[in-house]
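In what follows, chains carry the letters A, B, and so on, assigned in the order in which the sequence lines appear, proteins first and then strands, with residues in each chain numbered from 1.
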2 protein chains.
Amino acid sequence: MTDRPNVLWIMADQLRFDYLSCYGHPHLHTPNIDALAARGVRFANTYVQSPVCGPSRMSAYTGRYARSHGSTWNGMPLRVGEPTLGDHLREAGARAVLVGKTHMVADRDGMAWLGIDPASEIGVRVSQCGFEPFERDDGLHPDSPRQQWSAYDDYLVRHGFTSDNPWGDFANSGRDEDRTLMSAWLLRNSRLKANVPEKHSETAYMTNRAMDFMQDAMGRDDPWMCHLSYIKPHWPYIVPAPYHDMYGPEHIIDPVRSDAEKDTDHPLLGAYRNARVSRSFARDHVREHVIPAYMGLIKQLDDNLGRLFAWMDKKGLSDNTIIAFTSDHGDYMGDHWLGEKDFYHEQAVKVPLIIADPRPQADGTRGKVSRALVEMIDLAPTFMNALGCTAKPHVIEGRDLTPVLHGTDGFYRRYAISEHDYSSSEMARALNVPQQDAHSVMIFDGRWKYIHCEGFDPILFDLETDPDEVKDVGRSDAPEHEAVRIRMKHALFTWALRHHSRITATPEVLADQSIAAETGILIGFWDEEEYQATTGKPFGSLVPAGRPQR
Amino acid sequence: MTDRPNVLWIMADQLRFDYLSCYGHPHLHTPNIDALAARGVRFANTYVQSPVCGPSRMSAYTGRYARSHGSTWNGMPLRVGEPTLGDHLREAGARAVLVGKTHMVADRDGMAWLGIDPASEIGVRVSQCGFEPFERDDGLHPDSPRQQWSAYDDYLVRHGFTSDNPWGDFANSGRDEDRTLMSAWLLRNSRLKANVPEKHSETAYMTNRAMDFMQDAMGRDDPWMCHLSYIKPHWPYIVPAPYHDMYGPEHIIDPVRSDAEKDTDHPLLGAYRNARVSRSFARDHVREHVIPAYMGLIKQLDDNLGRLFAWMDKKGLSDNTIIAFTSDHGDYMGDHWLGEKDFYHEQAVKVPLIIADPRPQADGTRGKVSRALVEMIDLAPTFMNALGCTAKPHVIEGRDLTPVLHGTDGFYRRYAISEHDYSSSEMARALNVPQQDAHSVMIFDGRWKYIHCEGFDPILFDLETDPDEVKDVGRSDAPEHEAVRIRMKHALFTWALRHHSRITATPEVLADQSIAAETGILIGFWDEEEYQATTGKPFGSLVPAGRPQR
């Protein structure tokens with residue numbers, strides 16, 4: 001155990017907060033993740049900054065809101081020059097290593113403008129969201145002219161799984177009774193077992209790659225933060241044996257939904273409910289096919305994490321590694337008659353978060369549950385703190401969670417924020433909302449969830465009296481609701497008007513501003529006497545730099 | 001006359017909108033600027049995006065709000081990768097050339113992170129706000145260890161004005177009856193004549209340099225936008241003979257101020273009034289010393305512009321050059337008991353703007369006055385249009401003024417916005433406001449000027465009933481005022497929540513999002529039949545890229 005531990009930051013993709021036994025799932029037992037919670041802090045109220053992969057991850061990797069980093073939707077490049085967690089850690093002498101998914105798209109136009117070769121060391125860093133890519137795999141390799149062949153595809157071929165698309169044909173397909181290949185892109189094939197043995201699946205492969213990295217890092221001195229970023233349980237929903245038939249209809253928890261919300265007259269909520277993917281997941285037979293596979297994928301992940309943690313114990317790494325486990329957003333799975341994620345009910349915007357800190361300062365909090373309101377952007381400064389890197393106040397918008405881990409005061413957050421840019425989505429087309437206006441923002445204070453929907457009435461849920469969020473009081477006449485709406489809108493206004501782009505205002509730059517008189521720039525002084533009375537120095541006492549020697 | 005004219009964009013520094021005869025000054029005659037207005041459009045309602053040099057200029061040079069580009073205060077570097085007008089024009093094959101001031105501070109940290117050599121071609125461009133620096137001179141060369149020696153200093157030395165600080169000792173000092181050197185940093189020396197002949201003054205020098213550039217450009221084919229950016233009438237307030245004694249107390253217009261506003265109980269306004277520079281300019285003898293020099297500097301500028309325009313006529317340049325004349329902000333000069341700029345009364349935030357377009361399409365608007373609500377960021381897309389460069393909707397926030405110049409429909413702006421970051425100012429210290437919260441925003445609809453002051457009550461002026469802005473109704477009980485405040489705050493909220501950082505959302509990136517099915521990423525389809533019914537294509541019809549050939 002050293003003063004400066006390493007960090008293993010594990011992220012699952014599309015994992016709901018409530019599909020782990022330590023978060024209360026009655027049928028899905030995840031003993032290895034539960035054991036992590038028993039030796040760390042389990043955060044009960046963690047919210048992502050956008051309920052969709054790309055922007056949520058760009059927030060996680062920069063410690064900044066989607067509004068700030070500007071990559072507001074999947075596929076929107078993170079602009080060159082937007083500082084990342086990896087950039088900050090590198091300044092402090094630590095490595096930021098990627099094993100798995102980031103959803104990062106490189107800003108090739110920006111690099112071209114600035115003359116940065118994408119193949120150069122800096123170009124790779126800028127393209128990989130600040131990470132050193134030990135293994136980059138965003139986990140979607142569909143049949144399409146744009147398919148990206150990955151190292152995992154090579155791995156499958158090496159192990160005898162040969163095709164034009166091994167990812168698609170083995171890891172993400174099944175076979176029916178006739179041995180016909182059935183793609184997991186289609187939901188009705190979710191119950192088949194994946195056409196690959198578990199030990200060669202994506203989850204097992206990426207677990208092995210994390211071990212490869214840590215084994216390699218043991219030969220080096222520099223501290224590291226390793227982002228082990230799993231693709232699953234994200235769709236395509238299919239899982240290898242034996243996980244494919246571990247769960248059945250009897251293990252499916254009832255959907256969280258009401259008839260009343262099905263018939264909402266809120267135009268934006270209505271458009272979400274009418275989206276194709278929502279209509280699909282609103283069908284019981286879809287839920288009954290998909291949820292067992294989703295649960296199997298999570299159970300498989302838990303088993304792989306058990307394997308990983310045991311290996312780390314054996315290698316002596318556990319005592320010196322902070323382990324965080326979280327997800328980039330949830331999955332509606334038909335709750336609220338919705339599919340996918342993209343909105344702000346708990347099932348989509350709330351994620352599991354467990355942080356186990358092996359340092360003695362954390363001994364008092366092991367196994368505790370924190371009900372603090374946490375944002376995903378709080379992880380970056382927390383990891384920076386652990387690795388001896390000060391969070392720059394002009395750049396990092398998240399707040400260091402170390403006080404929570406160490407049982408001390410100092411962490412507080414009154415509101416959690418999440419944003420969604422639906423300009424490229426079906427809802428914008430259905431409602432004919434211009435791309436500039438197709439956005440919404442959630443602000444949540446732990447009880448009231450206020451959702452500003454640009455161009456529409458707000459949506460408001462009271463999670464105290466309506467924990468299932470089935471009763472929108474965004475247009476209620478009750479004076480209490482009216483007062484809450486005014487307060488939450490004002491808080492959102494204050495947040496929106498904050499500095500989100502002032503990233504060159506370093507403490508040095510700000511300090512420099514306070515000493516204008518020492519620069520010799522004298523504004524509004526009448527005479528020498530007034531100057532001296534104000535500054536305490538005689539006028540003309542500054543020494544000019546003089547003419548440069550040439 | 002070609003289809004693609006050049007653009008000469010002239011900017012004065014700290015020139016109030018009302019200190020030109022074409023804008024109504026009764027004693028200050030500016031026939032050359034008036035003549036420009038007679039052959040162009042004079043805009044009566046142009047607002048800068050921040051009432052202070054640095055952020056106002058960064059907005060002008062990027063076509064984006066201060067909130068967007070993030071350089072919210074003087075000396076805050078414009079981040080690497082923030083696209084400028086010069087970058088856009090260069091893409092379209094036009095040059096963006098600087099002669100004079102930009103107030104740009106290079107983002108050296110950002111360049112270091114991205115491996116950009118400040119001395120390289122791209123490094124210079126990034127350091128110079130996207131301009132090709134034919135002559136860069138920010139016009140302040142104080143006696144201080146940080147003094148910057150400029151080409152103008154060299155010029156003065158070459159002409160026999162030798163000292164350690166020629167800018168300070170000649171261009172910005174006078175001599176008293178004893179021939180003692182008296183610095184114009186002190187206001188009481190403003191009435192002295194500058195210690196340099198007019199033909200070697202900063203204004204004359206920069207005019208000559210613009211001619212040098214245009215002469216040089218005549219030998220080349222590429223179209224250009226030249227930013228001729230004068231330092232004056234910005235302080236130090238001193239002007240060479242004969243301009244130093246052209247104006248006296250009889251030419252000073254009465255201050256715009258009331259006793260009531262002197263005793264405001266609005267904490268932020270009160271702090272502005274108590275700032276040292278405001279207390280200085282609130283004194284009549286300061287006004288009486290400074291304003292004649294300020295007027296002389298403007299008169300001198302007008303004469304130099306006359307010289308420039310005559311030279312352009314002679315060289316045949318006038319027929320093919322759009323000429324714009326404006327300023328980066330105003331100067332309170334004691335109005336409202338305030339000094340300097342930094343707030344939102346008309347004297348500070350409103351600027352003159354004249355655009356003379358020689359193209360025949362503009363023949364119908366010559367000599368006309370436009371009352372349209374204009375923002376300084378509208379100039380960038382206007383110049384881009386003239387130079388054949390399409391404004392990128394995901395980057396440029398200003399709106400093209402060409403329809404106004406050509407007398408057609410298509411320009412409309414309901415609100416003008418201006419922002420101020422006073423975190424480094426005396427007011428923040430006096431009020432003990434944290435740096436993060438020391439900001440305000442103005443939103444103006446042509447009648448109502450609503451000023452959101454973070455942490456304080458709003459300020460509201462009704463310019464219809466109170467054109468002098470001496471009656472703040474920000475806390476008035478009148479139902480009309482209450483309704484206006486709600487409307488204006490909501491408009492500001494909508495503006496604040498807009499995308500300001502989404503600069504990688506090119507039309508191509510946005511279009512790419514609409515064709516997810518063609519990428520092979522299929523979300524929420526139950527089976528082949530549903531896929532085909534939805535997409536019109538058989539499932540599995542996409543051709544995989546296949547394994548790369550190695």
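- In this structure, A/R276 satisfies the cation-pi test against B/F525, with its NZ or CZ atom closer than 6.0 Å to the six-membered ring centre and inside 45 degrees of the ring normal.
- Using a 4.5 Å cut-off between heavy atoms, B/R279 does not touch chain A at all.
- Of the listed residues (B/E419, B/R90, B/E528, B/E340), the one with the most heavy-atom contacts under 4.5 Å to chain A is B/E528.
- With hydrogens and angles disregarded, a donor-acceptor distance shorter than 3.5 Å links the side chain of B/T504 to the backbone of A/P77.
- With a threshold of 4.5 angstrom between heavy atoms, B/R125 approaches chain A through side-chain atoms but not through N, CA, C or O.
- B/H394 does not touch chain A: none of its heavy atoms, backbone or side chain, sits under 4.5 Å away.
- Both the backbone and the side chain of B/V286 come within less than 4.5 Å of a heavy atom of chain A.
- Your options are A/D437, A/V277, A/I122, and the one with the most heavy-atom pairs under 4.5 Å with chain B is A/I122.
- Heavy-atom pairs under 4.5 Å with chain A peak, among B/L140, B/V441, B/T534, B/I503, at B/I503.
- For the residue pair B/F539 and A/S183, the shortest heavy atom distance occurs at CZ-CB, 3.6 Å.
- We find that A/R188 and B/E529 are not joined by a salt bridge, their nearest charged nitrogen and carboxylate oxygen being 4.0 Å or further apart.
- If you measure heavy-atom distances from B/D107 to chain A, the contacts under 4.5 Å come from the side chain alone.
- For the pairing with B/R502, the side-chain contact (heavy atoms from CB on, under 4.5 Å) check across A/H69, A/M76, A/H439 returns one residue only, A/M76.
- Residue B/D109 touches chain A through its side chain alone, counting heavy-atom pairs closer than 4.5 Å.
- Contact annotation for B/E91: only side-chain heavy atoms (C-beta onward) come within less than 4.5 Å of a heavy atom of chain A.
- Remark: A/R108 CZ is loosely packed, at most 12 non-hydrogen atoms of other residues, nucleotides or ligands lying under 6.0 Å away.
- Note: A/H499 and B/W73 fail the aromatic proximity criterion, with ring centroids not under 6.0 Å apart.
- Contact detail for B/G524 and A/S280: the closest heavy-atom pair is O-OG, 2.8 Å.
- In this structure, the side chains of B/V126 and A/L114 come closer than 4.5 Å at one or more pairs of heavy atoms.
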How far apart are the C-alpha atoms of B/E530 and A/L186, what are their side-chain angles, what is the distance that settles it, and do they pass the side-chain contact (heavy atoms from CB on, under 4.5 Å) test? CA-CA 9 Å; B/E530 187 175 299; A/L186 300 178; over 6 Å; no
Criterion side-chain contact (heavy atoms from CB on, under 4.5 Å) on B/R498 and A/E454, from CA distance to verdict: CA-CA 9 Å; B/R498 272 204 233 153; A/E454 187 59 40; over 6 Å; no
B/V80 vs A/W113, test: side-chain contact (heavy atoms from CB on, under 4.5 Å). Steps then yes/no. CA-CA 10 Å; B/V80 172; A/W113 267 22; over 6 Å; no
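- With a 4.5 Å cut-off on non-hydrogen atoms, B/E426 does not touch chain A at all.
- Residue contact with chain A, scored on non-hydrogen atoms closer than 4.5 Å, involves the backbone and the side chain of B/H285 alike.
- Remark: the backbone N or O of A/L497 is paired with a side-chain donor or acceptor of B/R67 at under 3.5 angstrom.
- Your options are A/G168, A/G115, A/A496, and the one with the most heavy-atom pairs under 4.5 Å with chain B is A/A496.
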Which is it for B/W526 and A/V290 under the side-chain contact (heavy atoms from CB on, under 4.5 Å) test, yes or no, and what are the steps along the way? CA-CA 10 Å; B/W526 172 250; A/V290 171; 5.9 Å; no
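- Looking at A/I521 and B/W185, their side chains come closer than 4.5 Å, going by heavy atoms from C-beta outward.
- Only the side chain of B/T506 comes within less than 4.5 Å of a heavy atom of chain A; its backbone N, CA, C and O stay farther away.
- Below 30°, between 30° and 60°, or above 60°: for B/F493 and A/F493 the angle between ring planes is between 30° and 60°, a tilted geometry.
- With a 4.5 Å cut-off on non-hydrogen atoms, B/S278 does not touch chain A at all.
- A/P83 and B/R79 get closest at one heavy-atom pair: CD-NH2, 4.5 Å.
- Note on A/S120, A/P236, A/G110, A/A505: by heavy-atom pairs under 4.5 Å with chain B, the leading option is A/A505.
- Ranked by non-hydrogen atom pairs under 4.5 Å with chain A, the options B/L78, B/V105, B/L492, B/D153 are led by B/L492.
- In terms of heavy-atom pairs under 4.5 Å with chain A, the best-connected choice from B/Q436, B/K489, B/H500, B/M182 is B/K489.
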